[in-house]
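Reminder, nothing fancy here: chain letters follow the sequence lines and each chain counts from 1.
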Amino acid sequence: MSAAPWVASAALFALGLCALVLRRPLIAMLLGVEMAVVAVAVGITTTAAAAGDAEALASVLLVLAVAAAEAVVGLSLILQVHQGGRAPETDSLRGLKG
Amino acid sequence: MGCWQFWVLTAVAAAFGGLMLVQRSLYAAAVCLLVVLIQAGGIFLLAGAPLMAFLQMVIYAGAVMVLVVVAIMASGPGGADPGWSPLPRPLVGATAIVLFAELAWAARGLALPSGSPAAAAAAEAHIGAVLFGSHVLATEAAALLMFLSSLALIDRRSQP
């Protein structure tokens, strides 16, 4: 087994983190989070499949399920921000700023 | 499976991940992420986890990405980010490269265990027993979480 899955996991996580930090639209930030989650899933799944670890594969399944739920909640919140008359960007969410 | 297939999928996933980072259009960024998710499914398949590859395609590349595209359509006209990018693009690229190099250096001593396809197949066959046996609480909690997240889609303003 080559190191390619690890390289893919590292690259995708780095790119997802950059998207989360550098992008302003909330949806773009959410896409970065999803990419980071996929990166973790790639690393765990390839190792678990090679080791024959069923518990690790089950944990990846749970991660996918929770990530899907997180995407649903995040997107609904973004739509709520948009329907409240504000742009779905980080610059428009300053309600807690003192 | 040969190693070159892994490297091809890795290169395509990383390339489209980088494209997603620099896209002005949110639609294009979503399509780039879709390609990344498909490549991840391919990596799962090559690693000997076809069930995980199938679920990755159905749940992530299917349901989640359709939801993202619908949300982009509903979030406003254009689906573009006219203010991108606040930082110079070479700096964005250098940041991604530094992060990748750091993670790759941290993982340099790692080595995957030498398993067999039969072991991977046996592990996937055992997933159901794990999910509804020793990890039943986590499974039920995840199911409850998904149900509660679906309630977030209900627009209370549309109710009488």
Rounded to the nearest 0.5 Å, the CG atom of B:L33 sits from the CG atom of A:L31 at a distance of 5.5 Å
Which pairs of donor and acceptor atoms, one on a side chain in residues 57-69 of chain A, lie under 3.5 Å apart (sequence neighbours left out)?
from  : atom 1 : to    : atom 2 : distance (Å)
A:S59 : OG     : A:A56 : O      : 2.5

Residues B:A47 and A:T46: closest non-hydrogen pair is CB-CG2, 3.8 Å
In terms of heavy-atom contacts, A:R23 and B:Q23 come closest through NH2-O, 2.9 Å
Closest heavy-atom pair, B:A49 versus A:A49, reported as atoms and distance to 0.1 Å, is CB-CB, 4.2 Å
Cut-off 4.5 Å, heavy atoms of chain B, and the answer for A:L12 is side chain
query = Got B:L26 and A:P25 here, is their nearest side-chain heavy-atom distance under 4.5 Å?
reply = yes
Result for side-chain contact (heavy atoms from CB on, under 4.5 Å) between A:L75 and one of B:V68, B:V64, B:V70 points to B:V68
Going by chain and number, the hydrophobic cluster around A:L77 (ILVMFWY, side chain to side chain under 4.5 Å) further includes A:V73
Note: A:L79 and B:A71 closest approach over all heavy atoms is CD2-O, 3.7 Å
Discussion item. Quick check: is B:I72 connected to B:L19 through a chain of hydrophobic side chains (ILVMFWY, heavy atoms under 4.5 Å apart)?
Written reply: yes
The interface call for A:A41 against chain B, heavy-atom contacts under 4.5 Å, is both
Okay, B:L145 and chain A: the region with an atom under 4.5 Å from a heavy atom over there is both
*Do B:V69 and B:V66 belong to the same hydrophobic cluster, where Ile, Leu, Val, Met, Phe, Trp and Tyr are linked whenever their side-chain heavy atoms lie under 4.5 Å apart, directly or via other members?*
no
Okay, A:E70 and chain B: the region with an atom under 4.5 Å from a heavy atom over there is neither
*asked:* With clusters defined by side-chain heavy atoms of hydrophobic residues (ILVMFWY) lying less than 4.5 Å apart, directly or transitively, does B:L21 cluster with B:V31?
replied: no
Between B:M73 and A:I78, is there a shared hydrophobic cluster once you connect ILVMFWY residues whose side-chain heavy atoms come closer than 4.5 Å?
-> yes
Minimal heavy-atom distance between B:A14 and A:L15, with the atoms involved, is O-CD1, 3.5 Å
Practice prompt. Report yes if some heavy atom in the side chain of B:F6 is under 4.5 Å from a heavy atom in the side chain of A:V7; otherwise report no.
Written response: no
- Could you tell me whether the side chain of A:T45 and the main chain of B:F44 form a donor-acceptor pair under 3.5 Å? no
